[in-house]
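As the structure is a computational prediction, the values presented were derived from the model and not from experiment. No hydrogens, no waters, no symmetry mates; every other heavy atom, side chains included, goes into these values.
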Amino acid sequence: FHHSLCTGCRSLDAFRLEQMKIIELDECTSTNDEAWTRFAPPEPLVILDRKQTHGRGRQGRAWVNSDSYNLLMTLALVPPRKNLSWMPLVAGIAVFEALESITKFYTELRTADLRGLRIKWPNDIYSFDNKIGGILCESRVQNDAAYAMTVGIGLNIFSSPQLEGPIQATSFFQSAL
């Protein structure tokens, strides 16, 4: 989780994948809930899941997962307190840049066009007018100060759910074709 625009987040470079405990699940209620249950600070933890039965987004909204061909994950960590307020922005930029890298690769192969890829502040990833993912950051308090955070990421990679209401979902690859 580092971006050149976020100079206050440079100390987050200490979180390396090889230092993280990674747990893969077939099914859970929510990767954020599972991370809070299994997290043993200060060691970072990643939860990867194939199916969530009660995924959620901001303000208690449901996160609907259509099948196991999408990315459902949570990173639990203890970032430096001065970086907590930056984490949702940094997570959004990191996800966006990862998708942008994949897009550039497929565009060079002439098989994709995702010029409409964008972040809808504060936590949604869109391709043109269709949502392809979301990010949910949650923090826990100890001694009247936030001390730990989960960064949940849900991305529709190959398929997307049917949603009720004004928001339409698509997947990363559906929007590229």
Side-chain angles (χ1 to χ4, degrees), residues 1-25 27-65 70-105 114 117-127 131-157 172:
F1 283 122
H2 170 71
H3 190 275
S4 59
L5 295 176
C6 182
T7 57
C9 297
R10 293 203 196 286
S11 58
L12 296 178
D13 285 339
F15 298 105
R16 303 275 183 234
L17 189 59
E18 61 271 7
Q19 298 170 339
M20 297 181 190
K21 181 177 181 180
I22 299 173
I23 298 172
E24 295 182 54
L25 304 171
E27 181 176 316
C28 71
T29 56
S30 156
T31 57
N32 272 26
D33 291 346
E34 196 69 34
W36 285 122
T37 300
R38 296 174 182 242
F39 186 40
E43 289 76 27
L45 169 70
V46 175
I47 301 288
L48 296 169
D49 188 26
R50 288 179 180 79
K51 181 180 180 185
Q52 286 188 124
T53 58
H54 291 89
R56 66 181 181 282
R58 289 188 50 214
Q59 300 173 341
R61 293 185 184 109
W63 173 261
V64 181
N65 178 43
N70 295 318
L71 176 67
L72 307 170
M73 67 163 288
T74 294
L75 167 63
L77 69 162
V78 181
R81 289 186 182 180
K82 66 181 180 178
N83 299 110
L84 282 169
S85 63
W86 285 93
M87 290 303 291
L89 176 61
V90 172
I93 291 170
V95 169
F96 179 84
E97 286 186 345
L99 292 174
E100 189 177 51
S101 294
I102 294 167
T103 300
K104 285 179 183 174
F105 172 76
L114 282 172
L117 195 62
R118 64 185 173 89
I119 298 173
K120 181 182 175 211
W121 180 254
N123 68 320
D124 294 329
I125 308 293
Y126 272 74
S127 177
K131 186 173 179 175
I132 62 172
I135 300 164
L136 176 64
C137 293
E138 298 176 320
S139 59
R140 293 278 167 100
V141 174
Q142 182 178 23
N143 300 327
D144 296 325
Y147 79 101
M149 179 169 277
T150 57
V151 180
I153 300 169
L155 289 174
N156 301 326
I157 303 294
F172 181 74

Take D49 and T31 through the test side chain to side chain donor-acceptor pair (under 3.5 Å) and record every step on the way to the result.
CA-CA 7 Å; D49 188 26; T31 57; over 6 Å; no
How close do C137 and M149 get, heavy atom to heavy atom, and via which atoms?
CB-SD, 4.3 Å
So how far is it from M73 CE to I153 CD1, rounded to the nearest 0.5 Å?
4.5 Å
Approximate separation, where rounding is to 0.5 Å, of L75 CG and M87 CE
6.5 Å
Using the test side-chain hydrogen bond (donor to acceptor under 3.5 Å, both in side chains), find all partners of N123 that sit at least two apart in sequence or belong to another chain.
none
Are V90 and V151 close enough that some pair of their side-chain heavy atoms sits under 4.5 Å apart?
no
Ignoring hydrogens and angles, tell me if any N or O in the side chain of S30 forms a donor-acceptor pair with the backbone of N32 under 3.5 Å.
yes
Does a side-chain heavy-atom distance below 4.5 Å link W36 with E138?
yes
To the nearest 0.5 Å, what is the distance between CG (L155) and CG (N70)?
8.0 Å
Within the distance-only criterion (no hydrogens, no angle test), does the side chain of D124 pair as donor or acceptor with the backbone N or O of G134 below 3.5 angstrom?
no
Looking only at heavy atoms, the pair that brings V46 and M20 closest together is CG2-SD, 3.6 Å
With R118 via side-chain contact (heavy atoms from CB on, under 4.5 Å) - residues at least two apart
K120, Y126, D129
L89: partners by side-chain contact (heavy atoms from CB on, under 4.5 Å), with sequence neighbours left out:
W86, I93, W121
For P41 versus V78, what's the shortest heavy-atom pair and its separation?
CB-CG2, 3.7 Å
Heavy-atom nearest pair, A35 first then T74, reads CB-CG2, 3.6 Å
F39 and P44: which non-hydrogen atoms are nearest, and at how many Å?
CE1-CA, 4.3 Å
Mind listing the closest non-hydrogen atom pair of L71 and I157 along with its distance?
N-CG1, 3.8 Å
Would you say that T150 contacts I47 through its side chain, given a criterion of any heavy-atom pair below 4.5 Å between the two side chains?
no
Is there a side-chain contact between E34 and I23 in this structure, where contact means two heavy atoms from C-beta onward sitting under 4.5 Å apart?
no
F96: side-chain contact (heavy atoms from CB on, under 4.5 Å) partners, not counting sequence neighbours:
E100, L117, I119
side-chain contact (heavy atoms from CB on, under 4.5 Å) partners for S85, two or more places apart
none
